[in-house]
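Inspection log for the structure reproduced underneath, given as structure tokens.
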2 protein chains.
Amino acid sequence: MTLKSQHIPRATIQRMAVYIQVLESLQRDGKDVISSELLAKTCSVNPSQIRKDLAYFGEFGVRGVGYYVQDLISSIKQALGVDRVWKTAVVGIGNLGRALLNHREFKLRGFHIVGAFDCDPFKIGEIVSGLEVICSRRLKEKADEIGIEIGIITTPPERAQRATNYLVDAGVKGIINFAPARINVPDDVTVEYVDFFHHLYAVAFNVTLNIESE
Amino acid sequence: MTLKSQHIPRATIQRMAVYIQVLESLQRDGKDVISSELLAKTCSVNPSQIRKDLAYFGEFGVRGVGYYVQDLISSIKQALGVDRVWKTAVVGIGNLGRALLNHREFKLRGFHIVGAFDCDPFKIGEIVSGLEVICSRRLKEKADEIGIEIGIITTPPERAQRATNYLVDAGVKGIINFAPARINVPDDVTVEYVDFFHHLYAVAFNVTLNIESE
DNA sequence: GCCTGTGAAATGGTTCACAGCC
DNA sequence: GGCTGTGAACCATTTCACAGGC
């Protein structure tokens, strides 16, 4: 594996996800080859930025030609480690948790949901999208049995830390937190926060700025 | 208004949203005053970072004391422009669109959903969460009538650009795009992209890194 | 004494410009 | 000729360190 073990900027990783998205769309449109310039325009970034980003992981392009779309998608996916199946579990079976469990795209993208957990006795035992809801306290026990690599927290904010603790105890090293609360984890556990109010705030701020400067 | 008309980093705005989240949680716990050091620890950032961020908008703290939680929340909300009601509309009434329409938190946070649009004739006329679904082509007409400031796109990716065009035509200056596709807008329109697969990819990458370095 | 606000220093990321290669 | 890959130059953001004020 082409692993240049230098530090890779977080921003680069975020852009890589965007590149995949755009490249898959180009692929659907039947495009075979793409230059960094054209890809850059679609992603609203600088062409050198793309070349630098990709260079962290290897040499994927052909000089004088560009990048082969299909190959580049595979290369990026391999570089990010998303060319395989990841076993995930959802903790917190409310509206959002159910929506995620029913979302087919997860499986299509290699993220298989293999566990559904909640601490509400009324929900335990219920079948959601083919999975039995299990008591959160039994997370470690279940994880040992089925293997859970990524945890998705969809509890109310006040229960997010407890859900986190169960996941960490179970040996999970990656967490996506949809709950609007900060959580504490050991250094070897990665957390990503998803909260679209943050995005709404950002848009509101920018619109306000533009209105004022008129 | 304390408007230091210098450029404010995008990263600062993102952190401001986090500060609000944490401060509101502190407020619920009955905390009156907080130091930049303590707030920093909770948000996993550097204390000077917080002081610098806040300084873009004004002097909200008291030397030797810290920040008054209640006041700081109000000040930040005012600074971001989220201390008022924003009229929003959802374009694309699928699973996600419906979920957002039924989400009470929007109204609580000042984002009132005043329009629901879709281009599917079978959906037009349907009542979702008290709103009649209207043909996307009539967006401008409706916007002139009710006023729409922020658009939320929840269409499939191939229809995202058309939804965008309708919104831009209607004079909307801020867009949240949940569709997994890039969209083109004029310079005076702000777009925020929400795609949790990007976050899943980021987590997968970090977990992969940690596994490899063991 | 303590904690904020802020210029100055350090860090890290982005863009430029061109060498290298098809 | 054209487009990638990359060191060097540039720019922005973060962190430090301390002055300012309760």
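Sequence lines set the chain letters: A, B, ... in the order given, protein chains first and strands last, and positions in each chain run from 1. Any value given below was found using the heavy atoms of this structure, including those in side chains, with hydrogens, waters and symmetry copies removed.
- Partners of A:C43 according to the side chain to side chain contact (heavy atoms under 4.5 Å, CB included) rule, which considers only residues two or more places apart in sequence or in another chain, are A:V18, A:Y19, A:V22, A:L39, A:V45.
- Across its full length, the helix from C:dG1-D:dC22 to C:dC22-D:dG1 shows an angle of 10° between the axes of its 5 terminal pairs at either end, rounded to 10 degrees.
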Show your working on salt bridge (charged side-chain N to carboxylate O under 4.0 Å, His left out) between B:R51 and B:E59 and close with a plain yes or no.
CA-CA 9 Å; B:R51 300 201 294 273; B:E59 302 199 3; over 6 Å; no
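- Applying the salt bridge (charged side-chain N to carboxylate O under 4.0 Å, His left out) rule to B:R15 yields the partners B:D53; only residues at least two apart in sequence or on another chain are considered.
- A sub-4.0 Å separation between OP1 or OP2 of D:dT14 and a side-chain N or O of B:S48 is absent.
- Listed by chain and residue number, nothing satisfies the salt bridge (charged side-chain N to carboxylate O under 4.0 Å, His left out) test with B:K52 (two or more places apart in sequence, or in another chain).
- Residues meeting the salt bridge (charged side-chain N to carboxylate O under 4.0 Å, His left out) test with B:K142, sequence neighbours left out: B:E145.
- Distances shown here put a side-chain N or O of A:S36 below 4.0 Å from the OP1 or OP2 atom of D:dT4.
- Applying the salt bridge (charged side-chain N to carboxylate O under 4.0 Å, His left out) test to B:D169 and every residue at least two apart in sequence or in another chain returns nothing.
- D:dT6 atom P lies 17 Å from atom CG of A:N46, rounded to whole Å.
- Scanning for side chain to side chain contact (heavy atoms under 4.5 Å, CB included) contacts around A:K41 gives an empty result, with sequence neighbours left out.
- Picking from C:dC16, D:dT4, C:dT4 the nucleotide with the shortest atom distance to the side chain of A:R51 gives D:dT4.
- Residues passing the side chain to side chain contact (heavy atoms under 4.5 Å, CB included) test with A:V85 are A:H112, sequence neighbours excluded.
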Nucleotide N/O to protein N/O under 3.5 Å, stretch nucleotides 8-12 of chain D:
| from | atom 1 | to | atom 2 | distance (Å) |
| --- | --- | --- | --- | --- |
| D:dA8 | N6 | A:K52 | NZ | 3.4 |

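- Checked against side chain to side chain contact (heavy atoms under 4.5 Å, CB included), A:P180 has the following partners two or more places apart in sequence or in another chain: A:P157, A:D195, B:Q21.
- Within the structure, ring pair (Phe, Tyr, Trp, His ring centres under 6.0 Å) contacts touching residues 164-191 of chain B (residues at least two apart or in different chains) are A:F196-B:F178.
- A heavy atom closer than 4.0 Å to some atom of DNA chain D occurs in A:R63, A:G64, A:V65, A:G66, A:Y67, these being the qualifying members of residues 63-72 of chain A.
- B:I50 places its CD1 atom 9 Å from the P atom of C:dT4, with the value rounded to the nearest Å.
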